[in-house]
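Naming convention: chains lettered A, B, ... in sequence-line order (proteins, then strands); numbering from 1 in each chain.
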Number of protein chains: 2
Amino acid sequence: MQLLSFKERVLIFLAERDAFTNSLKMTTPMLSKYLGTSQQSASRLLIQLEKEGFIERRIVGRTSYVKITEKGLSQLREVYLSLKAIFERPVNITLEGRVFTGLGEGAYYISLPGYAKQIEEKLGFRAYPGTLNISLLSRDSIENRHLLQRLAPIEIHGFRDEKRTYGGAKAIKAVLNDTEDVAILFVERTQYDNSVLEVIAEPYLRGKLGLKDGDKVKLTVVIPPSTFFENFTKTKAPAQPPVT
Amino acid sequence: MQLLSFKERVLIFLAERDAFTNSLKMTTPMLSKYLGTSQQSASRLLIQLEKEGFIERRIVGRTSYVKITEKGLSQLREVYLSLKAIFERPVNITLEGRVFTGLGEGAYYISLPGYAKQIEEKLGFRAYPGTLNISLLSRDSIENRHLLQRLAPIEIHGFRDEKRTYGGAKAIKAVLNDTEDVAILFVERTQYDNSVLEVIAEPYLRGKLGLKDGDKVKLTVVIPPSTFFENFTKTKAPAQPPVT
DNA sequence: ATTACTATTTCCCGAGTAA
DNA sequence: TTTACTCGGGAAATAGTAA
């Protein structure tokens, strides 16, 4: 049930209270209450941590004081550094799929000034009129597609003319086959299901890369750690009381 | 012996390998080898982690793939954030002691141009000619004195004239009784033992604060987290093989 | 109050093994 | 090859209690 070990929780408890420079007054009953364990276990824990050199205890009169040692703090910091390496590193998201020929609508939409102008402004390139359709292969790729749709930061707004309305889309920059700068387009009203990706770029990708239907391609997206983890790891909502 | 729990180690193992966006191929024998435990325990671990919703497993053919769930990553991130709060926060070091009258040498030394000039340059104030001597009270304060001596960033160099040599010192800025900007001086060749602090400041502190011998005073030093933890937590040296 | 011993129970680990 | 079951032994947690 509990992810952290008792030892870790004690060291974190102490470190949070600056107990590496200021000895902390502490009793085994209060520690046991904090940890949700028995007084006996709290006692044993402190004895063990002391034996392992992670903490120091000193009894003054009838109150005892606890302090983390350099060794204890180092251990905790090593855990911190390994977690930091995980959570402060850009996240690489990879999608794999095969090229296929769609309905050819992409070309029409992208050449509409209502879209073309936004694409040029927000993505920084004049898109070749046409989308490269990719049918995703693995479950991971499909799940990552959902993730990217959530994270896509570029909004392409819908608009309307005399005849009809044109839906909006979201986009995110990516790299195709480790070389080509492209953007993945998440179209609001699409005729494709979510195992399909639509990619746009400045050059005619099929031509430039010699891609044919069925060819395997790889898309890579790099997300800054802050963006990724703040979106992906939602702190659990406080328990909702059932409606009566 | 081991600070982290098995569950934590598995989640870190997976997170380090990007197994939140890319399912990781993994067998129980290889996990057990990595953890230093049995194959049976590795199997049980994965079953439990899955039951708790921290990981997802999928068997494709005869190979199984493991992925951290959002919940699992959130849990790990919560641990990270609580450690980050510890290791990315300025460290307050407090020393308590009582004022006492020393040998009066401080006044002489501080007024020597060889010292006075350096103090003004490096500390940014003209020191009142005299030191406030503080006899430290608690064991923590004495230990913190050693710590500060190690961390003191300002070097006051020794020098010599025709008659004799004058030793060097280190200094660090501090706050006395929450109000006065002062500096603690760690003199190389001092006649005091290490339960004594010498403090200098621009004003005549005894006068300004109405301090008499025996009065309790508090010194506070704020250390940036990087400085503190990089000095205080030395990564343990690799085990040295015994000489044969 | 405390802390920490001993006894009992509970839980975890790994050997053996089936699928 | 895998994974994961049962089961026996041992470690860890709690209860009871002394100091």
Side-chain angles (χ1 to χ4, degrees), chain A residues 1-14 17 19 22-69 72 75 79 138-140, chain B residues 1-14 17 19 22-69 72 75 79 138-140:
Chain A
M1 189 64 245
Q2 179 69 44
L3 188 63
L4 289 93
S5 67
F6 278 131
K7 287 181 186 175
E8 231 179 322
R9 291 179 64 199
V10 173
L11 292 186
I12 290 175
F13 177 87
L14 291 171
R17 286 157 185 74
N22 305 298
S23 297
L24 198 73
K25 198 174 185 167
M26 147 174 291
T27 67
T28 53
M30 85 82 144
L31 180 62
S32 71
K33 204 177 167 188
Y34 171 79
L35 295 175
T37 184
S38 66
Q39 175 274 322
Q40 291 86 340
S41 294
S43 172
R44 255 185 320 100
L45 251 179
L46 292 178
I47 292 169
Q48 280 177 169
L49 283 169
E50 190 168 26
K51 207 183 306 177
E52 290 168 333
F54 292 153
I55 64 167
E56 273 171 18
R57 288 197 294 173
R58 213 150 37 80
I59 291 128
V60 178
R62 61 180 54 182
T63 49
S64 70
Y65 293 85
V66 181
K67 197 170 178 175
I68 311 190
T69 60
Q75 290 279 316
V79 177
S138 67
R139 193 197 179 91
D140 276 353
Chain B
M1 191 61 244
Q2 179 68 44
L3 188 62
L4 291 115
S5 67
F6 278 131
K7 287 182 185 175
E8 233 179 320
R9 291 178 64 197
V10 173
L11 292 186
I12 290 175
F13 177 86
L14 292 170
R17 286 156 184 77
N22 305 299
S23 296
L24 198 73
K25 198 174 187 167
M26 147 174 290
T27 67
T28 53
M30 85 83 147
L31 179 62
S32 70
K33 204 176 166 188
Y34 171 79
L35 295 174
T37 184
S38 67
Q39 177 274 323
Q40 292 87 337
S41 293
S43 172
R44 248 201 315 268
L45 251 178
L46 293 178
I47 292 169
Q48 281 176 166
L49 283 169
E50 190 168 27
K51 207 184 305 176
E52 291 168 332
F54 293 154
I55 64 168
E56 272 171 20
R57 288 197 294 173
R58 213 151 37 82
I59 290 125
V60 179
R62 62 179 54 181
T63 48
S64 70
Y65 294 85
V66 181
K67 198 172 180 176
I68 312 191
T69 60
Q75 290 279 319
V79 177
S138 67
R139 193 196 179 92
D140 276 354

Spatial distance of atom [atom1] ([X]) from atom [atom2] ([Y]) [nearest 0.5 Å]:
| X | Y | atom1 | atom2 | answer |
| --- | --- | --- | --- | --- |
| Leu46(A) | Leu14(A) | CG | CG | 8.0 Å |
| Gln2(A) | Glu52(B) | CD | CD | 10.0 Å |
| Arg139(B) | Lys67(A) | CZ | NZ | 8.0 Å |

Answer with base, sugar-phosphate or nothing: what part of the nucleic acid does [X] contact at a heavy-atom distance below 4.0 Å?
| X | result |
| --- | --- |
| Ile59(B) | nothing |
| Thr27(A) | sugar-phosphate |
| Thr63(A) | nothing |
| Met30(B) | nothing |

Which comes earlier along DNA chain D counting from the 5' end, the contact point of Phe6(A) or that of Gln39(A), where each point is its nearest nucleotide?
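Of the two residues, Phe6(A) wins.
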
Without decimals, in angstroms, what is the distance between [X] [atom1] and [N] [atom2]?
| X | N | atom1 | atom2 | answer |
| --- | --- | --- | --- | --- |
| Gln48(A) | dA12(D) | CD | P | 7 Å |
| Arg62(A) | dA19(D) | CZ | C1' | 13 Å |
| Lys51(B) | dT3(D) | NZ | P | 17 Å |
| Lys33(B) | dG14(C) | NZ | P | 16 Å |
| Leu35(A) | dA12(D) | CG | P | 17 Å |
| Leu49(B) | dT3(D) | CG | P | 15 Å |
| Tyr65(B) | dT2(D) | OH | P | 14 Å |
| Met26(B) | dA4(D) | CE | C1' | 16 Å |

- Message: Check whether Phe13(A) forms a cation-pi arrangement with Arg17(A) (NZ or CZ under 6.0 Å from the six-membered ring centre, at most 45° off the ring normal).
- Response: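 So Arg17(A) does make the cation-pi contact.
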
Where the side chain of [X] is defined as all heavy atoms beyond and including C-beta, which of [options] is the nearest nucleotide?
| X | options | value |
| --- | --- | --- |
| Pro29(B) | dT2(D), dA13(D), dT3(C) | dT2(D) |
| Ser41(B) | dG14(C), dA13(D), dA4(C) | dG14(C) |
| Arg57(A) | dT3(D), dA4(C), dT3(C) | dA4(C) |

TODO: Say whether Thr28(A) and Gln39(A), considering side chains only, have a donor N or O and an acceptor N or O under 3.5 Å apart.
DONE: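 A pair is found: one side chain offers a donor N or O, the other an acceptor, under 3.5 Å apart.
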
Do Gln40(B) and dG16(C) have a side chain to base donor-acceptor pair shorter than 3.5 Å?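 Pair found.
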
Would one find a side-chain N or O of Arg44(A) under 4.0 angstrom from OP1 or OP2 of dA13(D)?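 Yes.
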
